[in-house]
2 protein chains.
Amino acid sequence: MSQAPHTLLLVDDHPMMRRGIRQLIELEDDLQVVAEASNGYDALLMAEQFKPDLILLDNNMPQLNGIETLKRLREAQYSGKVLMFTVSDAQEDVTDALRLQADGFLLKDMEPEQLIEQLRQALDGQLVISPALTLTLATALRPTPENNACNLTHREQQVLKMIASGMSNKKLGNKLGISEGTAKVHVKNILNKLGVSSRLEAAVWALEHDK
Amino acid sequence: MSQAPHTLLLVDDHPMMRRGIRQLIELEDDLQVVAEASNGYDALLMAEQFKPDLILLDNNMPQLNGIETLKRLREAQYSGKVLMFTVSDAQEDVTDALRLQADGFLLKDMEPEQLIEQLRQALDGQLVISPALTLTLATALRPTPENNACNLTHREQQVLKMIASGMSNKKLGNKLGISEGTAKVHVKNILNKLGVSSRLEAAVWALEHDK
DNA sequence: ACGACGCTACCTCTTTCGGGGTAGCAGGGC
DNA sequence: GCCCTGCTACCCCGAAAGAGGTAGCGTCGT
């Protein structure tokens, strides 16, 4: 390898984890850790200062998390590769990261040898994703909650609100002046549109999505 | 240092994290990593085989988590030190660990040098706790509204959490390894204690009262 | 005028919930 | 020793929920 090694920036709030990755990477001739950061703000500064070829970015950080950091990196016209590297396989995080042009999403429970290989592939321009995320990605692409959520009719939104306050079909039917059977029809349609299978899940959805 | 070094067992499901800790510890003459494990079951085997002076035990692991592993270590009459080492500062985990005679509870975001120091203190017989946990400990000891208002047992809190995530009795029963019937008993008791009349109201209560 | 959509109502059917009860078995406190 | 609590498991039974279907009746847009 006569060429200059690829430069890397490690971003993780756990010093021990940074050390583990660093030690792993330093065994490789073609990879070099040029900087570390323990939070998103430092990461932005380091990125600007060192302009690394690739940033390995933990998502779960206090203050500025990985997704936010990625967003700001892109806004700052950072042109290197960014690999998300986290323990969480939350669908939202994965899809958000990919939408923000992350160059990959790796889970921390992978084997060290795999990480090195994935880093090289990412530096080569490939999109690298942990195999364990296939299911997550598949479900994300299927029409589910967030996609159809706002397609709820006015009536259905009323009903959902009442579900989320704990009412039964009979109660909310009385309150709305409709029969229990009709209430059930609305509930059924809500469940279909939200992609859930019980009024309880619908209620959780409603409570988590602001109203 | 003419004495034999203290022997350590690292337990963490993240290979990278193990590597980081190992490399850190191997710089010290008086500390020696004699084995690693990536899950609780392996940890139990390794503990029996190598009888390390101290086990550094991650809590967040698939299959058998750290708390459960600690419990079984104590049941197996393991006499060495056990330090919980995790990212989570969940009050429940901390108090459970201490009740199970853990010799310390450290957070992963600590500085490497601190870790070494804490390991030595633990090996010396001291109880070591991350400073960041003082607030958690304080609130755990104080009879707060939430603790007494509900009177929910540990199991009931688990079940309530699952209710609040939308699970049915059958599902949460499977997840907890208990029968659907038993799950129903827990749910019934929860409803009584909370003074509500449906799992949905219980879920709303749980989501509104922070968890 | 016609179709699409939303709201209403009813039907059947299976599964799940919620409220009772009894009971064995572990652990901790007296 | 004994009792009390918590966890487990089972029983019955009525009510509610969820998944199908059909259908009348509005409104809106083409």
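Every heavy atom of this structure was used, including side-chain atoms; hydrogens, water molecules and symmetry mates were not. Letters A, B, ... mirror the listed sequences (proteins, then strands); counts begin at 1. A quick note: this is a predicted structure, and the numbers were derived from the prediction, not measured.
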Per [X] side chain, nearest of listed nucleotides [options]:
X        : options               : result
A:Ser179 : D:dA19, C:dT16, C:dA9 : C:dA9
A:Leu191 : D:dG18, D:dT8, C:dG19 : D:dG18
B:Ile178 : D:dT8, D:dA19, D:dA17 : D:dT8

Check whether any side-chain N or O of [X] sits under 4.0 Å from OP1 or OP2 of [N], and answer yes or no.
X        : N      : value
A:Thr182 : C:dC7  : no
A:Lys170 : D:dA16 : yes
B:Arg199 : D:dA16 : no
A:Thr153 : C:dG6  : no
A:His186 : C:dG6  : no

How close or far is atom [atom2] of [N] from atom [atom1] of [X], stated in whole angstroms?
X        : N      : atom1 : atom2 : value
B:Met167 : C:dC17 : CE    : C1'   : 17 Å
B:Leu176 : D:dT8  : CG    : C1'   : 12 Å
A:Lys171 : D:dA16 : NZ    : C1'   : 12 Å
B:Glu180 : D:dA9  : CD    : C1'   : 12 Å
B:His154 : C:dG27 : NE2   : C1'   : 15 Å
B:Asn189 : D:dC7  : CG    : P     : 9 Å
A:Asn174 : C:dA9  : CG    : C1'   : 15 Å
B:Leu194 : C:dG19 : CG    : P     : 12 Å

Indicate the atoms forming the closest heavy-atom contact of B:Ile25 with B:Leu10, along with that distance.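 Taking B:Ile25 first and B:Leu10 second, the nearest heavy atoms are CD1-CD2, 4.2 Å.
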Tell me, yes or no, whether the heavy-atom count around B:Glu48 atom CD, taken from other residues, nucleotides or ligands under 6.0 Å, exceeds 12.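 Counting neighbours around CD of B:Glu48, 12 or fewer heavy atoms of other residues, nucleotides or ligands fall under 6.0 Å, so no.
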Can you find an N or O donor on one side and an acceptor on the other, under 3.5 Å apart, linking the side chain of A:Lys184 with the base of D:dG18?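 Pair found.
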Has A:Glu180 got a side-chain atom pairing as donor or acceptor with A:Asn169's backbone, closer than 3.5 angstrom?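 No: the side chain of A:Glu180 does not pair with the backbone of A:Asn169.
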In plain terms, say whether B:Arg18 and A:Asp109 are close enough for a salt bridge, that is, a side-chain N and a carboxylate O under 4.0 Å apart. no
Between B:Asp13 and A:Lys108, is the closest basic N to carboxylate O distance under 4.0 Å? no
Whichever of A:Val185 and A:Asn169 has its nearest DNA chain D nucleotide further upstream toward 5': A:Asn169
